[in-house]
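Since the structure comes first, as structure tokens, the remarks are kept for the end.
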Amino acid sequence: MTDQPWLVVGLGNPGPTYAGNRHNVGHMVLDVLAGRAGATFSAHKARAAVAEARLGVLPGGAPGPRVLLAKPSTYMNTSGGPVAGLAQYFGIDPDHVIVVHDEVDIPFGDVKLKSGGGEGGHNGLRDITKALGTRDYVRVRAGVGRPPGRMDTADHVLKNFSGAEAKELPFLLDDAADAVEMVLTEGLLAAQGKFHTKA
């Protein structure tokens, strides 16, 4: 068992223009996690806002592992540089990296998890895979649903949540934050077992 910290990355685009977009759900989940831990983000030279925390509770009641929460301050499609830079700076292997991101192939409100595999056309993930040199990192995938009608996927993810979705959004953010904590304290398989069978 290694005592290296975990790197939990929430994907999104920088600045207030994008803050409420579906594409920024990763940033939103990181804000929930930081709030739970009472942690504050500050700028890091690896081009990210970073907060240090302990997350979750281990079996037996001990505090969960040390975690670096990171929101890259680059645009989504160039997320790889900050992620690889932070992993190198803090000595974190790819198997201790968790990336939280929006996923159009999952219905709005659902959370799924996987390690490795393809990027499903998600340019942020593609850039991270390229920068880390491996696909073997954990992804917590927050479902934002398919675009309606003939809307382009890129337009869909760069729009804010609808009024109905906005009411349900806190539940999605909490579920994704819970999924991150469960990976940290009980492992990926346990988290998949819980979230993939959710009614």
Side-chain angles (χ1 to χ4, degrees), residues 1-12 25-27 29-34 36-37 39-60 62-103 111-142 176-196:
M1 185 74 186
T2 171
D3 61 354
Q4 69 171 295
W6 285 79
L7 175 60
V8 179
V9 181
L11 297 188
V25 78
H27 278 191
V29 173
L30 270 274
D31 288 337
V32 170
L33 288 167
R36 289 180 180 184
T40 313
F41 287 98
S42 54
H44 189 278
K45 65 180 183 182
R47 293 175 299 152
V50 175
E52 295 196 40
R54 283 193 178 275
L55 284 180
V57 179
L58 294 167
R66 192 160 70 90
V67 177
L68 296 148
L69 302 171
K71 298 187 290 184
S73 49
T74 58
Y75 284 92
M76 170 73 85
N77 295 357
T78 52
S79 301
V83 174
L86 288 168
Q88 187 175 17
Y89 184 86
F90 289 102
I92 298 170
D93 296 327
D95 66 359
H96 269 57
V97 174
I98 301 173
V99 178
V100 186
H101 64 90
D102 60 304
E103 178 58 76
V111 173
K112 306 278 187 201
L113 304 94
K114 72 175 187 177
S115 177
E119 290 86 24
H122 196 294
N123 291 326
L125 291 178
R126 194 174 286 147
D127 201 57
I128 290 168
T129 295
K130 188 175 162 193
L132 289 177
T134 180
R135 289 180 160 148
D136 295 332
Y137 53 90
V138 175
R139 301 97 186 266
V140 173
R141 307 153 75 204
D178 289 347
V180 170
E181 289 196 10
M182 199 164 180
V183 172
L184 296 170
T185 56
E186 297 180 48
L188 176 62
L189 285 178
Q192 286 174 324
K194 177 177 179 183
F195 286 94
H196 292 196

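The residues of the chain are indexed from 1 along the displayed sequence.
- In this structure, CZ in F41 is found 8.5 Å from NE2 in H27, a value given to the nearest 0.5 Å.
- Scored by the side-chain contact (heavy atoms from CB on, under 4.5 Å) test, E103 finds H101, D105, I106, R141 as partners (sequence neighbours excluded).
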Please lay out, stage by stage, how V111 and V140 fare under the test side-chain contact (heavy atoms from CB on, under 4.5 Å).
-> CA-CA 7 Å; V111 173; V140 173; 4.0 Å; yes
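- In terms of modelled atom types and a separation under 3.5 Å, the side chain of Q4 and the main chain of H96 share no donor-acceptor contact.
- When all heavy atoms of P5 and L68 are compared, the pair lying nearest together is CG-CD1, 4.2 Å.
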Checking side-chain contact (heavy atoms from CB on, under 4.5 Å) for the pair L30/V100: CA distance, chi angles, key distance, verdict?
-> CA-CA 8 Å; L30 270 274; V100 186; 4.1 Å; yes
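- The salt bridge (charged side-chain N to carboxylate O under 4.0 Å, His left out) pairs that include a residue from residues 70-91 are D31-K71, where partners are two or more places apart or lie in different chains.
- Taking each heavy atom of G80 and A131 in turn, the nearest pair found is O-CB, 3.3 Å.
- The salt bridge (Lys or Arg N to Asp or Glu O under 4.0 Å) search around R135 returns E119, not counting sequence neighbours.
- Between A39 and A53, the shortest heavy-atom contact is CB-CB, 4.1 Å.
- When all heavy atoms of L58 and G64 are compared, the pair lying nearest together is CG-CA, 3.9 Å.
- What you find for Y137 and P94 is that their closest heavy atoms are CB-O, 3.5 Å.
- The side-chain contact (heavy atoms from CB on, under 4.5 Å) test applied to Y89 returns H44, K45, not counting sequence neighbours.
- V8 is not listed as a side-chain neighbour of V29, based on a closest heavy-atom distance of 4.5 Å or more.
- For the atom pair NE2 of H122 and CG of D127, the computed distance is 11.5 Å after rounding to the nearest 0.5 Å.
- Partners of N123 according to the side-chain contact (heavy atoms from CB on, under 4.5 Å) rule, which considers only residues two or more places apart in sequence or in another chain, are N77, R126.
- No donor-acceptor pair under 3.5 Å is formed between the side chain of K130 and the backbone N or O of T134.
- Taking 4.5 Å as the limit, some side-chain heavy atom of I92 sits within range of a side-chain heavy atom of V97.
- Between L7 and A70 the shortest heavy-atom distance is CD1-CB, 4.0 Å.
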Under 3.5 Å, sequence neighbours excluded: what are the donor-acceptor pairs made by side chains of residues 180-189?
{"unit_1": "E181", "atom_1": "OE2", "unit_2": "R36", "atom_2": "NH1", "d": "3.2"}
{"unit_1": "T185", "atom_1": "OG1", "unit_2": "E181", "atom_2": "O", "d": "2.9"}

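- When side chains are defined from C-beta on, S79 does not count as touching V9, because their heavy atoms never get closer than 4.5 Å.
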Which is it for D102 and L11 under the side-chain contact (heavy atoms from CB on, under 4.5 Å) test, yes or no, and what are the steps along the way?
-> CA-CA 8 Å; D102 60 304; L11 297 188; 5.6 Å; no
